[in-house]
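Proteins come first, then strands; the chains are lettered A, B, ... in the order of their sequence lines, and each starts at number 1. Every heavy atom of this structure was used, including side-chain atoms; hydrogens, water molecules and symmetry mates were not.
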Amino acid sequence: MTLSTHVRVALALGSIALSVAARADGIPGPAAGNALNPAPVNPSSAGRWMDVEGIGTRIPAARTPSGIPYNIPHDPGGEAEEKAEGWLTSGFVELGALGVWGDEKRQGWLNYKDLRDGAYLNGFAFTAEKPREARFAEAVGGGVGREDQFYRAQFGRYNDWKVTAWFDSVPSVSTTTYRSLWNGLGTDRLTLNTLQPGGTTNAATTQANIQQAVAATPESELAMIRKTAGARAEMKFGDSWTLFAGLSDETRKGSRPFGAVFGGGGGGGNMEIPESIDYDTVNVSAGAQYSDPVNTFNIRASASFFRNKVDTLTFENPIFITLNGSNGLNPSTFTQGRFALAPDNQHYNVRAEYARALPEFFRGNLAATVSLGSMRQDENLLPPTTFALTGGSVAAGGVSLANAWNTPNALSRQSADLKADTAMADLTLSARPASGLDVRGKLRYQEARYSGQYDSCNPLTGQWGRILNDGSGLSIVTANTTAGTNPAGTSANAYNAAACNLDAATALGLVPATGSAPVRTAPNDYRQVIGTLTADYRLGRTSSLNAALERENMRREWRERDDTHEDRLKLTFVERGAIDGMIRASYEYARRGGGEYDVTAYDPLLSAAIGPTPTQGAVAVPSWIHTIGQFRSFDLADRTQNTFNGRIDYSLHPGVESAVTLQMKDASFPAEYGRTGHQKADSLTLDLGYQAGSSLVVYGNYAYQRGVTEQKGVHPNSCTLGQTYYFYSDGRVLNANTGAAAPSTPTGTTLVGSQAVSGGNWRQACGSASAFSPLFPESRAWEVEARDRSDVLGLGIKYDFGRVKLDMSFTRILGRTRIAYEYNAAALGLSATQVALAGDGLSDLTFAQNVLDASAWMPITNRIVMRLVVRHESARVSDWHYDGVAANPMPANNGVYLDAGPQGYRTTAVGLFFHVRI
Amino acid sequence: MKAITQAFLLATGLLALGGAFAIPPEATYVGEKTCIKCHDVEAKHFSHTVHAKAFRLNPRNPHEARGCEACHGPGSLHAQRGSEKVREYLRGFTREWGTPVEEQNEACMACHKGGQRVHWMGSIHDNNKVACSDCHNAMGRFSAQGLLRTASVNETCEACHGKQRAEFRRRSHMPVPEGKMSCIDCHSPHGSPTRPLLRADSVNETCYPCHAEKRGPLLWEHAPVRENCMNCHQAHGSNHDKLLVAARPYLCQQCHTSPSLHAGQSFRGDQTAGAALSGGSQSPRMIGRSCQNCHSQVHGSNHPSGARFQR
């Protein structure tokens, strides 16, 4: 169904709904700003300074109930006219020129903004008002003609109806150090500039050619630009009703770094290609709101249509790849690869909310929300390859690959035909059973149900599994032909005769060659129920204590753990009177647990489902084990978490305000492998501000944040039936046929243990980490600790020199991630060179940035103000992922890395503008 | 009362600091002109606000037509000479005036009940006794839209949420400091059925409007991705690439240990492209995009061969 048809259907159903891209009621569309206008353009205050009269006749300055000082308003230039008969107009234009010096082509400078040399229309606003009829119109914008331009227009009648339209553009620059080997960026076909597709006749020559080509290729930018346009209308009917409707269209075009690989089983050739982006998302929505003193009702229907104009990306391959799993194919055959990029999809949602005051029931209130949604996708599926694979055959069993996988008939169905239906229901009842005591009960249910499970089986051949990476690798399920595993004479192709009938294939009772080949997709259904009881007690006129008890149950269909539950207790204390400010503090204890963790949970979706597990023969069994028995995925793992939050706002002196916030979070993961130990995240912020009136405002803030994460794994060894494994004092593990002589003891070590693996004990012997586990020996365990630290300092000043007014801010950010690790070099068989290079950790990931923004205003006439703008940024970035990439983009003959990563920069933009009031 | 006891009671707010707020019933409405005689500065700023436009140019009911007193209550007693500083004679919205937050919020809700506010009661902002006037200042047009107390949503939120203010300045972040996004693109500060005050029913449904290409559903799903984007991403900012919560490959290894292939292996500094120049052994899992050098379709794949997210 085409996009236009979908839109017509949606509108025909009357489902004009609140635009999904719109924001809070009354503030539709994107934020309407850019880097030089971070706050949306305000026609009442743009180009003006703070009012010397302050905020009020009697109170020049005031604070919010929490103690935060109100800003001094800008002088609006007098009271608004309300008696005029005709239209009153006003506005401004701020234009001039921008000059940029330094590293203006670096990603850090270019990302999310467009500050380049040249004429620059920084901002404008036009307002028109007809007070007698309460009509108005307003248009604002900035960055005109630049990639970060923005516009918003509104017109309507105050307190009656309003139409808003907007357009916003934002550049997203991924990298400026990408050396592209391809033409056709942004299109559905990437062709090599100079290199031969498929490589030459050998890897070494191909590598040399590629290295030459990369060295001759200049750095370039991979970027995408997001443009959003939309409109929204809302109208009041009487005192109680508001209707609204909206539409938005967002496009994204460009390229971003992407990875492509050939072969299989660990990779036979990888390269960084530029993914083409050409997205279009249309959102339509409409709804109604009703409110009277007792009842509140909202209903909203929305639809979102995503279209990808490059949903299939073909790219030419420059690498002489390594094949995997096949015979008779030439690596240079694989001249190209093809991706199925994000498919077109649709989302529909209807949401209704109702709340009713229940004054007779302990001054209670009832609120209910129901939301039903559906995400759908029915893209035509791509054949697994474009190649005929003539002459090729599956290494195990010899079934020909020729013309068996380059047709849609190779698929178990021709289109995705996928649907995910969601539902959410939330019910809250609150009451005030006693003076100063509010109690609340809340029950929330949420579910997602997927349909469209897909079988990975080729109807043409009866083969379960799939070809990998356009046929350069194979993951086809064959019967195990290792002697003794299956009855003598069992063909590797025995499953094929079942013609994709999984039950029939299983009924053969034959052990497959591997237990981990995916054969079916997983519908990730889940159900979540959250129940919360809350009590809020007013301790006095200015303080309160809140206690909340919550239980969350989550049931998942296809994860290692069917059920998890989490209990939370949260206490919150608020005090507004003890100090000249505010104290807020909360503590939350959360404990997560759940059902049994089943490491074989995915077996019904894998080749392990096609036949029994091996019990005989010299079969390597790791593919049936999947993971370390003690390993826990962090999102399912047991966890105990303590979180403390505190905030104090305090007035040090009239006009001098301070605030400090502290958050300390400690999550304990008791699992032995996976995330382990205590994951900590702490944050401390300090704020200080001084408002001396319209002539001087000074403020500063500092944030210190740190975090620690620990994890542990085991570098797998092996586990083969009929082998005995020998464990040595330095951590090494060797093996020999069971019954045969043990390997010679390595020099300087002693034998500390052994473990024989057989058909009857392999899961117990190899399934978990232990001192004498053949597959997960503790000597091969590794641990990683990541420590994050971030310091952010912000300073600002607004000062009135008299004729010249200065507004300046400075931000400094220091971020660092330090990764340390532990491992047993001898157990892993590392050389002295490797150990010296590895050390005990990686070089720090660091990011240091300074940003200075300054504006100086000087009136020229009573309508023209000259504005000098300076924006200076400098940054240093260090990321070990990119160590050596620029100098060594092809460190192996089957891997090429073209993005040298983020770079430091130092750039200054100076703008001279004239703000002209019209 | 002993000083210690007094201090304790003061600290816990148990001291009687006054009864419940209520403007005396004998107060009457005096009209805006009376207010403006003394409050001309306020009137100057207020006249540019949407409230002033609505109340003065197109009031829909007598309550709105009252202007200043629609929010502040009947002002006759406050307007009498000598009693202008008596707090109970008027509803104020500043800390200095001292009207209880509950009373202030009720005044706003008299007109602004409904819409997003249907979930205000019991929300985390309500539980923390945040007043409408902590974020909004209806007395002047400080912001282009929304009658905020600062020039923008972000500046308003960051005054209390300094942690998030700092996180948005990190190496990878969404374009909030650049003025292209605001807190309310994802959050609903007036209330929501979700704990983090999300605009949508879940984290993922909050992300999909801008990242619709991830919405799918896809043939081969990546389960923790489908469940919660924040399993891997830190929405406010990260020192890592792509707003990730940890560095690859270690992030991926917090779920993946495949013993038959490479997911569970030890990855170290001798495996970078730079180390390879000095005799190290390079690994695509330690260079550039790390695991995504091969598993580039990490959010899920719609390719029939995409079970391992490589196509």
Side-chain angles (χ1 to χ4, degrees), chain A residues 20 27 31 33 35 38-40 42 44 53 57 62-65 73 79-80 112 134 158-159 170 259 261 270 281 291 296 306 340 342-343 355 384 418 420 424 426 466 518 540-543 574 622-623 627 633 683 685 703 715-716 782 792 813 815 833-834 837-838 847 883-884 888 891 897, chain B residues 11 13-14 17 41 44 47-48 53-54 57-58 94-95 114-115 118 122 127 129 131 134 140-141 144-145 151-152 162-163 166 169 171 175 178-180 182 184 193 201 209 212-213 217 239 255 257 259-260 266 268-270 272-276 279-280 282 288 293-294 296 302-303 305 307:
Chain A
V20 175
I27 313 179
N42 184 347
S44 295
E53 293 184 298
T57 306
R63 293 178 295 160
T64 74
E79 197 162 333
Y112 297 149
Y158 291 118
N159 215 12
V170 53
V261 69
N270 63 278
T281 307
S291 179
T296 302
F306 169 78
L418 295 170
M424 188 275 286
D426 186 287
R466 67 207 193 282
R541 190 164 179 268
T542 61
S543 60
V574 177
S623 67
T627 188
S633 291
S683 174
T685 69
H715 190 116
W782 51 264
V792 180
I813 310 105
T833 303
Q834 285 176 295
L837 287 168
F847 176 69
D883 279 352
N888 190 17
Y897 307 94
Chain B
L14 290 172
L17 296 174
V41 176
K44 174 179 66 174
S47 67
H48 292 274
K53 309 293 185 185
L57 304 183
N58 188 24
T94 64
R95 179 178 179 82
V118 69
N127 290 343
K129 306 297 178 272
D134 274 313
R141 192 182 181 187
Q145 308 273 311
S152 68
K163 174 175 176 285
R169 270 68 184 173
R171 169 190 165 184
E178 292 81 5
K180 288 300 181 185
S182 79
I184 62 173
D201 299 341
E213 74 278 12
N239 199 37
C255 285
T257 65
S260 54
S266 162
R268 309 165 306 274
D270 57 304
T272 65
Q282 65 84 36
N293 280 320
C294 302
S296 45
N302 212 47
H303 194 290
S305 294

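Atom CZ of A/R63 sits about 5.5 Å away from atom CZ of B/R95, to the nearest 0.5 Å. If you take OG1 on B/T272 and CG on A/L837, they are separated by 7.5 Å, rounding to the nearest 0.5 Å. Here the straight-line distance linking atom NZ of B/K53 with atom OH of A/Y158 works out to 4.5 Å at 0.5 Å rounding.
Considering all non-hydrogen atoms of both residues, A/N42 and B/A144 come closest at ND2-N, 3.8 Å. Residue B/G115 comes nearest to A/T296 through the heavy atom pair N-CG2, 4.3 Å, listed as atom of the first residue, atom of the second, then distance. Residue A/R466 comes nearest to B/S305 through the heavy atom pair NE-O, 3.3 Å, listed as atom of the first residue, atom of the second, then distance.
Counting heavy-atom pairs under 4.5 Å between each of B/G274, B/S260, B/G162, B/G179 and chain A puts B/G179 at the top. Residue with the most contacts toward chain A among B/A276, B/A166, B/P193: B/P193 (heavy-atom pairs, distance under 4.5 Å). Highest contact tally toward chain A, considering only B/G122, B/G279, B/G140, B/A275, is held by B/G122 [criterion: heavy-atom pairs under 4.5 Å]. In terms of heavy-atom pairs under 4.5 Å with chain B, the best-connected choice from A/P65, A/P716, A/A39, A/P891 is A/P65. In terms of heavy-atom pairs under 4.5 angstrom with chain B, the leader among A/A35, A/A80, A/A342 is A/A80. Interface check for chain B: of the options A/A355, A/A420, A/P518, the most heavy-atom pairs under 4.5 Å are formed by A/P518.
Looking at A/L418, the atoms closer than 4.5 Å to chain B (heavy atoms on both sides) sit in the backbone and in the side chain alike. Contact annotation for A/T64: both backbone and side-chain heavy atoms come within less than 4.5 Å of a heavy atom of chain B. Only the side chain of A/V574 has a heavy atom closer than 4.5 Å to any heavy atom of chain B. Residue A/S623 touches chain B through both its backbone and its side chain, counting heavy-atom pairs closer than 4.5 Å. Residue A/N888 touches chain B through both its backbone and its side chain, counting heavy-atom pairs closer than 4.5 Å. Looking at A/T627, the atoms closer than 4.5 Å to chain B (heavy atoms on both sides) sit in the backbone and in the side chain alike. Both the backbone and the side chain of B/E213 have a heavy atom closer than 4.5 Å to some heavy atom of chain A. Using a 4.5 Å cut-off between heavy atoms, A/S44 contacts chain B through both its backbone and its side chain.
The backbone N or O of B/N58 lies less than 3.5 Å from a partner atom in the side chain of A/N159, making a donor-acceptor pair. Between the side chain of B/S296 and the backbone N or O of A/G259, at least one donor-acceptor pair lies under 3.5 Å. Counting only distance, with no hydrogens or angles, the side chain of A/H715 and the backbone of B/S266 share a donor-acceptor pair below 3.5 Å.
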